[in-house]
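Let me begin by handing over the structure; questions about it come next.
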Number of protein chains: 4
Amino acid sequence: MSTPDIHGIIGYTVTPFGAHGEGLDLDALGRSIDRMIDAGVHAIAPLGSTGEGAYLSDAEWDQVAEFSIRHVAKRVPTIVSVSDLTTAKAIRRARFAEAQGADVVMVLPTSYWKLSEAEILTHYQAIGASIGVPIMLYNNPATSGTDMSVELILKIFHTVENVTLVKESTGDIQRMHKLHLLGEGQVPFYNGCNPLALEAFAAGARGWCTAAANLIPQLNLDLYQAVLEHDLQRARELFYRQLPLLDFILKGGLPATVKAGLELAGLNAGEPRRPVFALNEGARQQLQALLQTLG
Amino acid sequence: MSTPDIHGIIGYTVTPFGAHGEGLDLDALGRSIDRMIDAGVHAIAPLGSTGEGAYLSDAEWDQVAEFSIRHVAKRVPTIVSVSDLTTAKAIRRARFAEAQGADVVMVLPTSYWKLSEAEILTHYQAIGASIGVPIMLYNNPATSGTDMSVELILKIFHTVENVTLVKESTGDIQRMHKLHLLGEGQVPFYNGCNPLALEAFAAGARGWCTAAANLIPQLNLDLYQAVLEHDLQRARELFYRQLPLLDFILKGGLPATVKAGLELAGLNAGEPRRPVFALNEGARQQLQALLQTLG
Amino acid sequence: MSTPDIHGIIGYTVTPFGAHGEGLDLDALGRSIDRMIDAGVHAIAPLGSTGEGAYLSDAEWDQVAEFSIRHVAKRVPTIVSVSDLTTAKAIRRARFAEAQGADVVMVLPTSYWKLSEAEILTHYQAIGASIGVPIMLYNNPATSGTDMSVELILKIFHTVENVTLVKESTGDIQRMHKLHLLGEGQVPFYNGCNPLALEAFAAGARGWCTAAANLIPQLNLDLYQAVLEHDLQRARELFYRQLPLLDFILKGGLPATVKAGLELAGLNAGEPRRPVFALNEGARQQLQALLQTLG
Amino acid sequence: MSTPDIHGIIGYTVTPFGAHGEGLDLDALGRSIDRMIDAGVHAIAPLGSTGEGAYLSDAEWDQVAEFSIRHVAKRVPTIVSVSDLTTAKAIRRARFAEAQGADVVMVLPTSYWKLSEAEILTHYQAIGASIGVPIMLYNNPATSGTDMSVELILKIFHTVENVTLVKESTGDIQRMHKLHLLGEGQVPFYNGCNPLALEAFAAGARGWCTAAANLIPQLNLDLYQAVLEHDLQRARELFYRQLPLLDFILKGGLPATVKAGLELAGLNAGEPRRPVFALNEGARQQLQALLQTLG
């Protein structure tokens, strides 16, 4: 197994539905993928938080995974989120994604009951032993309810052979410092907290996992380019320029805000699935104003 | 619609599986239900947190709901937890439970994305409009990730006609005070935090939702009886006697500890479903020692 | 050294000032003490949080301590709060209080820098070795910034001979359960969180440390009496009756609300010391309305 | 009033004592100041958290303030922390510092009782009206117990004329983003959280308030220089090099660790004042090892 070189801007897709989040609109999904690849993102990640993966039936999930991988068609690597509440279901998804050609699978240790460190490690081991592609370990206590310490993350990284990438979304920059120091600079980490983009890159993050690439891919890419050129001043300017939008989509909920933004850009991706609401009219106008200042 | 008189000790069932949480063992489920009813509990609640409802497939969930309701057979009321990540799925479960004869359904506003108050209210409204039986609103941020304020709970209680019972599991006794004061004594509230049993009854809780009734039903019932007799001293003694066990099952995770306790009592209920582990040997011996001092 | 029997309602005094908290008004202090003793409280506690002890100069502090002890004149026990930022200053205050005739001194491990457990234990040891009267250990992280675990509290209790009473003000009833269980029923604990009064007594608290005794001593005493008689129903009714006032004085800040309440009762105790504000007019009217319903 | 140009590395002094924190050693204080100025720091800040200002008597505080200002002798600006529990005492200190020649005074809204926003604003107004030098507003909830929102900070900044600098020590980089965006780039902010040094500069902080300048001034200054040159790669390397030491002094408590480090460098600054302990032998050896790798 060799890990593909995952870096830069990793664009997270929405899952387009109809009204109230019913049905699937794969055609719109394909167009949203093309928008990001054409803009230059370095990887595509379907079925993450933004993709409402947790709200899909198994049949829908399979359709979206298969379609996304086939539609990306190796133009860039595809990272498929395969998290599920039970180990058995997560393994099923991981195998399915691998069979369809996913380059990497992402695993969040989501659970209903709080998991012990041994339970989390065993979960990753079981998934790792079932597939041959790399795993991006994902820490996001706000959605999973489980906060993995840096020590636990490193233990899993060193124990499970195909856990080779770490996505950190606590928003606490000290976690990345610790990953760098305790990991002796050998653990590739990625940032999943949009308003931390500048500082995560400053701290050495290899990539930025973001749904913002659906709306402002050029600004995302320019920030990454400034970082590659070590130009702190330009990076700061580019970051502050896009920060109001990053704050807005985080605060408003990624599925609702990104779908609204895509519609403003002419791509109807439908509404989030209930109980999540679509953006209301006031927020939609705020979003439009924000996007216009960045156009 | 009339709400059945739900009070006293409400026993939460486990869902018996085989090794590593595979398969269903309905026969063991039936015996665990009989144990509690024979001991005198006032209601039975399948498919809650203890029942690992979140980890079941839809088909399994339906089997457990149907079997439990039929097996209780109106000896006491049955309260079926129908929570699910999407509104559509929660409605499907609620309708199924009602069709099978559930007396009450319980709804936790579980979600992946943080929900706004309007989204939570609409979720309860949609479920309420779909069924004719009462709903027990359930607040448990530790498992759902959503903390409903007392103000929001009361708004839902007053807006959705069949939300007529409130289960509070934050463990913060001030929430119950506020429910009593702001609800003007008209909102029946139930306690779902085991180590708060004494104080919740002191504050006026109408019932105690507990999986401990699988293991020490007589002590649970005696505490309730002392409360009915306003005997504070006896209630305190009974509470402190069972508190070490209540602390143990909460800390060790209810499915793992209660299943281990049932096995010690001669009823093999299998293991929790992975990623959750069964109790390890050391903890099992602690549990045995605790149960022996209470025998 | 023998510990006096401290139980029941322990009334905390304000420190009357002039406008904007300037000057001392010992005459008003004397009258506020008499009000509480005449009403029947079981002990008087000057210079606590309510007494704005932290805001006094050393000279003022000495005056208030000396005056309070002499004015109580052993009608009931006096518990003087001697907390200070440095160990040396806390020792000075403890010795002064003892010399003036204090029955008990209370010590909160207040600090600017977070203290280690060894530092806290040494602090109590140093104070304990300097005096011959009992110490009431006081845990209140909201004001001290230091949260002592039950295990640490018990370690201090068992190590420092004259630490013989524990006041718990986290508002978390589980701390009292743990004090009872781990302390094997031998650690006398007192409640310092007003809205927890009912449950703390239910859990076995020996007393209630409260500034509410300045305003509604009879209701406080009646609640304690109902608890002594093990009458849970009457205790619950008495508690809910006074709870709105207890919530109000906690939320509004004890010095400001209690001084305003005393003034409404005809005893001008001045204003809190800046930066703390006196109660504004709207809040004062709310307080008056609350007191009238309890009159 | 004109605000001096405060930028770069602002070195915080310790207050040297004798054994157990008794007495003052002004000679050692003078040498510690010279060390930092000779190394090139851009400002000196006595009597902050590191300086144990909260633990000094008024007479000691005055001596340290007067001595420090006179010893710096305008070689660089002096920023004197004048925080105190009451508004009156803080004003006294602020006036004293100004009379002695302080260039800036720093004010943390420390309090025993939680302060409302109006109380905090009035506190700053009262101090501001009493002096003619600029005020550095200081937000550090971990030591003060009061967390000022960015909105409140900006309200004070725009209301009190001589509040012209903001020191942020929550460690949350989003506060600095918000200060930049809501303050429209016009609010000079300084970082007081050592392990955030790199990211705070990336976000636009004008300076770094640090006691580390007592031990590794050249590394601190080099990081600032790399930032001035917009060289992100060099800044990152310099930051990670010093981060283990920054983590160590924060975790071990600044007075204890910095005094131990000064002693290792040949300058005996005594021990912290009790209840705070001096560094134990194991930690001292860790510190020595850390310093040697940086030498």
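Below, chains carry the letters A, B, ... as their sequence lines are ordered, and counting in each starts from 1. Bear in mind the structure is a predicted one, so any value in this text is a computation, not a measurement.
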| Within the side chain of D/Glu119, is there an N or O that forms a donor-acceptor pair under 3.5 Å with the backbone of C/Val276? |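 Flag not set: sc D/Glu119 to bb C/Val276 has no pair under 3.5 Å.
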
| request: Let me know if C/Arg273 has heavy atoms under 4.5 Å from chain D in its side chain, its backbone, both or neither. | output: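 Side chain only.
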
| query | Based on non-hydrogen pairs under 4.5 Å, which of D/Gly53, D/Ala54, D/Ser49 is most in contact with chain C? | reply |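 Heavy-atom pairs under 4.5 Å are most numerous for D/Ser49.
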
| In terms of heavy-atom proximity below 4.5 Å to chain C, should D/Thr122 be classed as side chain, backbone, both, or neither? |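 Answer is side chain: those atoms of D/Thr122 sit under 4.5 Å from chain C.
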
| message | Can you tell me if C/Lys155 has over 12 outside heavy atoms packed within less than 6.0 Å of its NZ? | response |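 Incorrect, the count does not exceed 12.
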
| request: Working to the nearest 0.5 Å, report the span between CG of D/Asp84 and OH of C/Tyr55. | output: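 One gets 11.0 Å once the value is rounded to the nearest 0.5 Å.
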
| field | Interface moiety of C/Thr143 toward chain D, non-hydrogen atoms closer than 4.5 Å | value |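 Contact with chain D: backbone and side chain both.
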
| request: Indicate yes or no for a side-chain donor-acceptor contact from C/Tyr112 to the backbone of D/Ser144 under 3.5 Å, with no hydrogens or angles considered. | output: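 Checked: no pair found.
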
| request: Could you have a look at D/Gly145, D/Pro272, D/Ser111, D/Ala126 and say which one has the most heavy-atom pairs with chain C under 4.5 angstrom? | output: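 Going by pairs under 4.5 Å, I would pick D/Ser111.
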
| C/Ala90, part contacting chain D, at a heavy-atom distance under 4.5 Å |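 Neither the backbone nor the side chain of C/Ala90 comes within 4.5 Å of chain D.
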
| Distance from D/Leu115 atom CG to C/Arg274 atom CZ, nearest 0.5 Å? |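 D/Leu115 CG to C/Arg274 CZ: 11.5 Å, rounded to 0.5 Å.
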
| query | Which heavy atom in D/Lys114 sits nearest to a heavy atom in C/Ala142, and how many Å separate them? | reply |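 Result for this residue pair: NZ-O, 3.4 Å.
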
| message | Counting only non-hydrogen atoms closer than 4.5 Å, does D/Leu108 touch chain C with its backbone (N, CA, C, O), its side chain (CB onward), both, or neither? | response |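 Side chain only.
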
| said: Taking side chain as everything from C-beta outward and backbone as N, CA, C, O, which of these in C/Leu254 sits under 4.5 Å from a heavy atom of chain D? Side chain, backbone, both or neither. | reply: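 Both backbone and side chain.
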
| message | Report which part of C/Leu85 has an atom under 4.5 Å of a heavy atom belonging to chain D: side chain, backbone, both, or neither. | response |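 Both the backbone and the side chain of C/Leu85 come within 4.5 Å of chain D.
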
